[in-house]
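These notes concern the structure reproduced below.
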Amino acid sequence: MPTILGQNQYGKAENRVVKITRDGATHHIKDLNVSVALSGDMEEVHYSGSNANVLPTDTTKNTVFAFAKEYGIESAEQFGIHLARHFVTSQEPIHRARIRIEEYAWERIETSDANSKFIGADEVKHSFVRKGQETRLTQITYDGEKWEVISGLKDLVVMNSTNSEFWGYVKDKYTTLQEAYDRILATQVAARWRFNWTDDEQKAPHWEKSYEQVKKHMLQAFAETYSLSLQQTLYQMGARIINHRGEIDEVRFSLPNKHHFLVDLEPFGLKNDNEVYFAADRPYGLIEATVLRDGCEARIPVDMTNL
């Protein structure tokens with residue numbers, strides 16, 4: 001039976017690059033994990049093994065490190081844009097580049113004040129501790145004409161210790177869950193949002209400010225929503241982002257419900273007045289949905305596992 005080649009791509013995955021910017025005694029860190037995937041006229045290398053159109057993956061790795069020096073890393077998005085543009089415009093066989101970046105955040109360690117017994121302790125501006133709240137993500141795709149930028153985060157764990165209920169749901173012969181009128185609501189947020197910046201004629205967003213503001217609105221909506229379901233909270237988080245950030249047309253969430261169950265303390269003669277809980281890591285409810293600006297199409301994949 002005759003066969004033909006389908007979709008294909010190649011590149012160098014997980015290039016770990018750390019860029020230190022030295023502003024006198026004050027240092028700044030950008031810590032990225034960059035994956036490059038290239039596609040285009042690659043039929044012959046698959047059919048005959050000819051590497052005539054193949055830019056070595058080792059070269060793509062070297063480009064990542066060289067660009068960190070040449071261009072610096074203003075933001076994960078801007079760095080990815082530089083890389084994607086370079087690969088598509090400098091290599092004729094390459095028609096499309098996809099750059100995926102994870103960013104690991106660092107914050108400065110607060111040091112002793114001027115009265116410390118350690119001489120110069122108040123002047124230390126080069127020591128950092130790794131932030132543990134979330135991992136920042138972005139994916140940049142470029143085909144020589146149009147851009148698609150999807151950014152986001154993962155592993156952002158949040159909790160409301162009250163102002164959450166769950167009742168009035170469908171019950172059948174297998175239902176044992178009791179209705180809750182005051183419960184803990186906790187989740188580990190995975191979110192992606194798509195920018196409406198698609199070509200170089202448009203003014204590009206301020207990538208760093210945009211990320212900070214999206215996260216702020218997301219967290220504020222989580223905290224301020226009196227929740228009757230995690231679905232309701234999800235929608236409010238997405239709607240708050242869309243309504244406040246004009247550069248974003250689509251947000252997709254994957255929210256595992258990190259269940260907390262009241263522990264039965266009656267066998268010990270104790271009353272549990274919504275104070276002691278058992279935190280169950282699995283199984284868990286998984287709530288996923290996309291929130292769109294009215295009139296826009298959904299383009300973020302339903303399965304965000306590899307995004």
Side-chain angles (χ1 to χ4, degrees), residues 75-77 101-103 105 107 131-140 147-168 180-198 202-260 284-304 307:
S75 66
E77 288 85 356
I101 300 176
E102 295 182 342
E103 178 175 346
E107 60 185 352
K131 282 186 179 179
Q133 283 191 337
E134 84 276 1
T135 298
R136 179 174 170 178
L137 307 165
T138 192
Q139 174 178 289
I140 294 92
W147 296 93
E148 182 183 74
V149 180
I150 299 174
S151 293
L153 55 80
K154 65 179 181 178
D155 300 331
L156 180 66
V157 181
V158 293
M159 173 191 287
N160 283 332
S161 57
T162 189
N163 285 0
S164 176
E165 305 178 16
F166 188 59
W167 53 272
Y181 296 87
D182 185 5
R183 67 169 184 168
I184 286 177
L185 180 68
T187 186
Q188 182 170 308
V189 180
R192 306 290 188 275
W193 49 90
R194 180 174 55 82
F195 292 89
N196 49 39
W197 179 79
T198 58
Q202 296 174 263
K203 182 180 179 181
H206 188 301
W207 306 109
E208 296 291 276
K209 180 179 179 181
S210 180
Y211 181 83
E212 293 169 3
Q213 290 295 307
V214 168
K215 182 182 173 184
K216 181 190 77 170
H217 291 301
M218 182 190 305
L219 291 177
Q220 287 178 345
F222 179 83
E224 296 169 7
T225 299
Y226 191 103
S227 180
L228 299 178
S229 68
L230 184 52
Q231 287 92 330
Q232 177 194 17
T233 298
L234 179 155
Y235 182 77
Q236 290 300 319
M237 291 164 69
R240 183 82 68 100
I241 293 168
I242 296 294
N243 289 334
H244 285 83
R245 303 306 305 174
E247 73 273 23
I248 293 169
D249 281 349
E250 177 185 4
V251 187
R252 182 161 181 82
F253 289 102
S254 179
L255 303 183
N257 199 332
K258 299 179 75 68
H259 299 296
H260 290 70
Y284 52 84
L286 183 59
I287 312 302
E288 298 178 307
T290 298
V291 182
L292 294 161
R293 189 176 303 282
D294 190 19
C296 294
E297 295 182 3
R299 297 178 185 170
I300 298 175
V302 170
D303 184 358
M304 300 191 301
L307 178 60

What distance separates [X] [atom1] from [Y] [atom2], expressed to the nearest 0.5 Å?
| X | Y | atom1 | atom2 | result |
| --- | --- | --- | --- | --- |
| Leu230 | Glu288 | CG | CD | 11.0 Å |
| Asp182 | Ser164 | CG | OG | 8.5 Å |
| Leu219 | Glu224 | CG | CD | 10.5 Å |
| Thr138 | Glu77 | OG1 | CD | 4.0 Å |

Is any side-chain heavy atom of [Y] closer than 4.5 Å to one of [X]?
| X | Y | result |
| --- | --- | --- |
| Lys216 | His244 | no |
| Ser151 | Ile248 | no |
| Glu165 | Tyr226 | yes |
| Lys258 | Ile184 | no |
| Ile300 | Val251 | no |
| Lys154 | Met304 | no |

Show the nearest heavy-atom pair for residues [X] and [Y], with the distance to one decimal.
| X | Y | answer |
| --- | --- | --- |
| Ala289 | Leu234 | CB-CD2, 3.6 Å |
| Arg194 | Glu297 | NH2-O, 2.8 Å |
| Arg192 | Ile150 | CB-CG2, 3.8 Å |
| Leu153 | Met218 | CD2-CE, 4.2 Å |
| Ser75 | Arg136 | CB-NH2, 4.3 Å |
| Ser229 | Ser227 | O-OG, 2.7 Å |

Would you say [X]'s side chain and [Y]'s backbone share a donor-acceptor pair under 3.5 angstrom?
| X | Y | value |
| --- | --- | --- |
| Glu250 | Arg299 | yes |
| Thr187 | Asn257 | no |
| His217 | Ile242 | no |
| Gln202 | Asn196 | yes |

Evaluation steps, side-chain contact (heavy atoms from CB on, under 4.5 Å), between Trp193 and Tyr211 | CA-CA 10 Å; Trp193 49 90; Tyr211 181 83; 3.6 Å; yes
Can a donor-acceptor pair be found between the side chains of Thr233 and Thr225 at a distance below 3.5 Å?
-> no
Contacts of Phe222 that satisfy ring pair (Phe, Tyr, Trp, His ring centres under 6.0 Å) - sequence neighbours left out | none
Applying side chain to side chain donor-acceptor pair (under 3.5 Å) to Trp207 and not counting sequence neighbours gives Gln78
